[in-house]
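Below: one structure, written as structure tokens.
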2 protein chains.
Amino acid sequence: MKKEKLIEQLKQIVKIKGLKYTKQREIVLEVVNKSKKHLTTEEIYNHIKKKGIDQNIGIATVYRSLLFLEEVALISSITLEKGIKKYEINNETHHDHLVCIRCDKIIEFINETIENEQKNIARSYGFELMDHTMYLYGVCKDCKND
Amino acid sequence: MKKEKLIEQLKQIVKIKGLKYTKQREIVLEVVNKSKKHLTTEEIYNHIKKKGIDQNIGIATVYRSLLFLEEVALISSITLEKGIKKYEINNETHHDHLVCIRCDKIIEFINETIENEQKNIARSYGFELMDHTMYLYGVCKDCKND
DNA sequence: GTGGCTGCAAATGGTTTGCACGACC
DNA sequence: GGTCGTGCAAACCATTTGCAGCCAC
């Protein structure tokens with residue numbers, strides 16, 4: 001998404017909530033937005049320090065910012081098998097994940113057939129479906145050829 | 001599964017691997033097998049202590065036993081959204097999960113349509129599919145009525 | 001000015017590890 | 001008897017929290 005639009009949204013949200021707009025929250029949001037990969041909290045923290053975006057930022061602030069940004073739905077997180085939590089920018093459309101077990105690459109996709117079948121399953125068990133996650137684990141094209 | 005059959009399997013595995021058969025491994029396996037729910041490591045540990053199955057067992061032993069039993073595929077684990085890891089007996093047939101966000105109940109199911117579609121998706125991205133996990137989160141019948 | 005936010009460091013909590021003793025083959 | 005496994009406690013590591021100073025409003 002465009003950086004300006006995101007920052008606009010963040011400003012609105014903090015205003016509505018009566019909170020403060022801070023440089024740190026903007027930085028964290030921007031790093032997650034710019035990244036093509038899903039990132040862990042530590043990766044985000046290191047990126048900010050190493051690239052000199054903010055030498056003084058504290059890891060606690062990164063944790064707090066990520067929790068906040070997820071709460072207000074600007075970003076979202078996924079938890080992989082080993083309990084590793086990664087963040088990505090929230091692009092509204094729900095998607096599932098194809099994860100390469102060799103290089104950890106994550107590809108996102110959407111599939112109507114599966115979404116529909118999930119609704120059927122939930123209904124048949126009397127569940128009111130709220131959310132779902134699906135991860136397909138395998139070896140990607142690139143890694144197969146190595 | 002029948003207790004005797006499982007113990008038989010465990011005995012064979014440790015023998016083949018040149019390891020030792022211990023009461024603790026048997027107890028942990030048995031607790032996971034008997035449970036109708038998915039259990040966390042701590043729940044398993046507490047169950048063993050509270051029920052007086054083994055007052056002296058250490059939490060570290062429970063961790064080590066679970067890792068071992070999972071490695072030899074007698075049990076399997078799932079990692080929920082918040083990074084909570086739970087164990088269940090390994091019943092061979094792959095299944096997916098319907099999780100109630102209120103009471104944490106987990107229902108297992110198998111669905112052919114989805115399994116097939118997953119294979120198609122993986123193929124279309126050039127992935128060699130090894131495994132998958134799917135969790136549907138919602139409110140179960142019982143909790144909806146509360 | 002005042003409340004929320006930050007950075008720091010300390011606390012926390014779940015999990016792992018080192019080690020001496022005990023149990024299995 | 002030798003080795004592996006256990007229980008204990010200490011170590012570990014990611015995350016959270018308390019707090020004093022800082023900054024946005």
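Quick note on labels: first sequence line is chain A, next is B, and so on, each numbered from 1.
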Of all the heavy-atom pairs spanning [X] and [Y], show the shortest one and how long it is.
{"X": "B:Asp142", "Y": "B:Lys105", "value": "OD2-NZ, 3.1 Å"}
{"X": "B:Gly138", "Y": "A:Met130", "value": "CA-CG, 3.5 Å"}
{"X": "A:Thr79", "Y": "A:Tyr135", "value": "N-OH, 3.9 Å"}
{"X": "B:His132", "Y": "A:Tyr137", "value": "CA-CD1, 4.2 Å"}

Dot-bracket notation for DNA chain C is requested: 5' to 3', Watson-Crick or G-U wobble pairs only, both distances under 3.5 Å, with ( ), [ ], | and . as defined.
|||||||||||||||||||||||||
Is there side-chain contact between A:Tyr21 and A:Glu26, with at least one heavy-atom pair below 4.5 Å?
yes
Is the shortest heavy-atom distance from the side chain of A:Glu108 to the side chain of A:His97 under 4.5 Å?
yes
Roughly how many Å is it from [atom1] in [X] to [atom2] in [N], rounded to a whole number?
{"X": "B:Lys15", "N": "D:dC4", "atom1": "NZ", "atom2": "C1'", "result": "17 Å"}
{"X": "A:Ile57", "N": "C:dC5", "atom1": "CD1", "atom2": "P", "result": "14 Å"}
{"X": "A:Asn56", "N": "D:dG21", "atom1": "CG", "atom2": "P", "result": "18 Å"}
{"X": "A:Gln55", "N": "C:dT6", "atom1": "CD", "atom2": "P", "result": "18 Å"}
{"X": "A:Gln12", "N": "D:dC25", "atom1": "CD", "atom2": "P", "result": "14 Å"}
{"X": "B:Tyr45", "N": "D:dG7", "atom1": "OH", "atom2": "P", "result": "9 Å"}
{"X": "A:Ile7", "N": "D:dA24", "atom1": "CD1", "atom2": "P", "result": "15 Å"}
{"X": "B:Ile13", "N": "D:dG5", "atom1": "CD1", "atom2": "P", "result": "14 Å"}

Do the side chains of B:Leu98 and B:Ile110 join up, straight or via other hydrophobic residues, at under 4.5 Å, putting them in one cluster?
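No; B:Ile110 is not reachable from B:Leu98 via cluster members.
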State whether the number of non-hydrogen atoms from other residues, nucleotides or ligands found under 6.0 Å of A:Lys144 atom NZ is greater than 12.
yes
Tell me which of A:Thr61 and A:Gly18 sits closer to the 5' end of DNA chain C, going by the nucleotide each one is nearest to.
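First, find each residue's nearest nucleotide; the 5'-ward one identifies A:Gly18.
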Nearest-0.5 Å distance that lies between atom CD in A:Glu117 and atom CG in B:Asn111:
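It comes to 4.5 Å.
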Knowing that exactly one of B:Thr40, B:Val28, B:Leu29 qualifies, which makes a side chain to side chain contact (heavy atoms under 4.5 Å, CB included) with B:Leu66?
B:Val28
Please work out which residues in residues 20-31 of chain A have a non-hydrogen atom less than 4.0 Å from an atom of DNA chain D and list them by number.
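The answer is A:Lys20, A:Tyr21.
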What string of B, S and - do you get for nucleotides 12-19 of chain C, 5' to 3', when a contact is any protein heavy atom under 4.0 Å?
--SBBBB-
Test side-chain hydrogen bond (donor to acceptor under 3.5 Å, both in side chains) on B:Thr61 and B:Gln24 and set out the steps.
CA-CA 8 Å; B:Thr61 301; B:Gln24 288 87 342; 5.9 Å; no
